[in-house]
2 protein chains.
Amino acid sequence: MRMSDGVEWAAHACALLAALPEGVGVSAALLAEFNDLPPAYMAKHMQALARAGVVTSARGAGGGYRLARPASEVTLWDIVEAVEGPEPAFRCTEIRQKGPCAAKPAECRHPCQIAAAFHAAEKAWRGSLKAVSLASILADLARKQSPARRAELLAWLETKL
Amino acid sequence: MRMSDGVEWAAHACALLAALPEGVGVSAALLAEFNDLPPAYMAKHMQALARAGVVTSARGAGGGYRLARPASEVTLWDIVEAVEGPEPAFRCTEIRQKGPCAAKPAECRHPCQIAAAFHAAEKAWRGSLKAVSLASILADLARKQSPARRAELLAWLETKL
DNA sequence: TCTATTGCGGATATTTAGCATCCGAATTAT
DNA sequence: ATAATTCGGATGCTAAATATCCGCAATAGA
Ligand code: FES
Ligand code: FES
């Protein structure tokens with residue numbers, strides 16, 4: 001079981017967007033350059049975020065991406081769902097209905113105990129991710145990151161806008 | 001992100017082993033037949049469980065697999081770890097150390113906030129799986145499954161032993 | 001209007017991970 | 001000893017994720 005690297009990329013991109021002043025758009029190419037990522041593939045992930053309504057896109061000169069909601073309203077789960085899709089990692093294939101001792105469909109109105117346990121575990125996982133918003137990430141970051149470094153980052157961005 | 005189907009197979013196989021009387025071994029081929037699964041591939045997963053110490057294997061005639069510990073001491077996480085490996089689904093590639101504004105390694109003594117949040121979520125997921133043992137699964141099953149059906153299953157098994 | 005910029009979607013190649021199978025080695029009952 | 005049984009690692013195959021490119025549509029500014 002492995003999560004796509006695109007999730008890390010998208011999360012960092014969103015964190016950067018959240019740190020930006022209101023109203024400015026950033027192109028996918030610049031977001032990719034910031035972390036030295038393949039521009040074309042980064043663009044794909046940004047499109048996924050836009051389709052999911054996490055960010056809004058504006059075409060044309062001076063366009064780019066920006067957050068669709070306040071940073072406190074965007075959680076890590078929103079990003080995972082946008083990039084990886086909403087399907088659970090564990091997918092019961094109902095093997096109990098196969099084989100010589102197959103359970104009858106009528107006996108399967110309740111989900112299998114094993115499947116239920118896995119779904120509960122994933123619910124806990126999602127809940128943990130939903131509790132973390134971009135705002136809380138930035139708050140943590142501000143506590144541990146020196147103000148000088150933050151200024152350095154913003155300065156570099158301004159030269160590219 | 002997708003979990004291997006082998007996890008479901010292994011979980012059901014272990015549940016079956018747990019339901020069996022003490023001291024009997026079941027071959028991988030029979031475990032596969034029980035749920036209509038590819039025998040050779042099922043065997044591979046059983047080997048993974050054996051390597052991880054979840055089950056013990058005995059070769060030769062009359063051999064087969066059996067649980068290495070009491071059913072109450074085997075959790076779903078043990079099975080996932082054996083089949084999928086212990087690595088976390090989210091793997092931080094430290095992209096913050098890449099690009100024109102790369103963070104210096106000295107600034108990365110603490111893990112990235114994003115990585116920390118994902119690791120916390122996975123810890124919650126694993127914790128939920130560790131709370132479910134084979135014994136608790138069988139107990140739930142016994143509550144919802146008719147005694148007649150349970151007898152039917154054991155009867156079929158005896159014909160194959 | 002014309003041009004430069006930027007996002008969008010589809011088509012495509014490449015790489016990786018999962019799926020499935022086979023045959024040899026080890027062990028046990030006869 | 002011998003044959004039957006079963007595990008174990010090595011090997012090919014298939015599907016999916018990864019990564020890239022290019023044409024099209026839309027927008028802003030000259
Ligand atoms: S039948 Fe799918 S988990 Fe039990
Ligand atoms: S650098 Fe990997 S999650 Fe932030």
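Scope of the values below: all heavy atoms of this structure, side chains included, with no hydrogens, waters or symmetry mates. Throughout, protein chains are lettered first and strands after them, A, B, ... in sequence-line order, and every chain is numbered starting at 1. Keep in mind the model is a prediction, meaning the values are calculated, not measured.
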- Message: Can you tell me if Tyr41(B) touches the phosphate of dC19(C), counting only side-chain N or O atoms and a distance under 4.0 Å to OP1 or OP2?
- Response: yes

Can you tell me how far [atom2] of [N] sits from [atom1] of [X], to the nearest Å?
X	N	atom1	atom2	value
Asp5(A)	dA17(C)	CG	C1'	13 Å
Arg66(A)	dG7(C)	CZ	P	11 Å
Trp9(B)	dC19(C)	CH2	C1'	7 Å
His45(B)	dG18(C)	NE2	C1'	9 Å
Met1(B)	dG18(C)	CE	C1'	16 Å
Lys160(A)	dT5(C)	NZ	C1'	16 Å

- Item | Charged N-O contact under 4.0 Å between Lys130(B) and Asp78(B) | no

- Message: Can you tell whether the side chains of Glu81(A) and Arg126(A) come within less than 4.0 Å, N to carboxylate O?
- Response: no

How long is the gap from [atom1] on [X] to [atom2] on [Y], to the nearest 0.5 Å?
X	Y	atom1	atom2	result
Arg2(A)	Phe90(B)	CZ	CZ	11.5 Å
Met42(B)	Asp36(B)	CE	CG	12.0 Å
Met3(B)	Cys92(A)	CE	SG	12.5 Å
Leu141(A)	Arg96(B)	CG	CZ	9.0 Å
Met46(B)	Trp9(B)	CE	CH2	12.5 Å

- Message: Tell me whether Leu138(B) shares a hydrophobic cluster with Leu49(B), the cluster being built from Ile, Leu, Val, Met, Phe, Trp, Tyr side chains joined at under 4.5 Å.
- Response: no

- Query: At how many degrees, to 10°, do the end axes of the helix from dT1(C)-dA30(D) to dT30(C)-dA1(D) meet when each uses five pairs?
  - Reply: 10°

Within the sub-3.5 Å range, which N or O atoms of nucleotides 1-8 of chain D have a protein N or O partner, and how far apart are they?
from   : atom 1 : to       : atom 2 : distance (Å)
dG8(D) : OP1    : Ser57(B) : OG     : 3.2
dG8(D) : OP2    : Tyr65(B) : OH     : 3.4
dG8(D) : N7     : Gln47(B) : NE2    : 2.9

- Task: Tell me what Met3(B) touches on the nucleic acid: a base, only sugar-phosphate, or nothing, going by heavy atoms under 4.0 Å.
- Result: nothing

- Query: When you check the side-chain N and O atoms of Glu8(B) and Thr93(A), is any donor under 3.5 Å from an acceptor?
  - Reply: yes

- Query: Considering only side-chain heavy atoms of Arg2(A), which listed nucleotide, dC22(C), dA17(C), dC19(C), is closest?
  - Reply: dA17(C)

- Side-chain-base donor-acceptor pair under 3.5 Å for Lys44(A) and dG10(C): yes

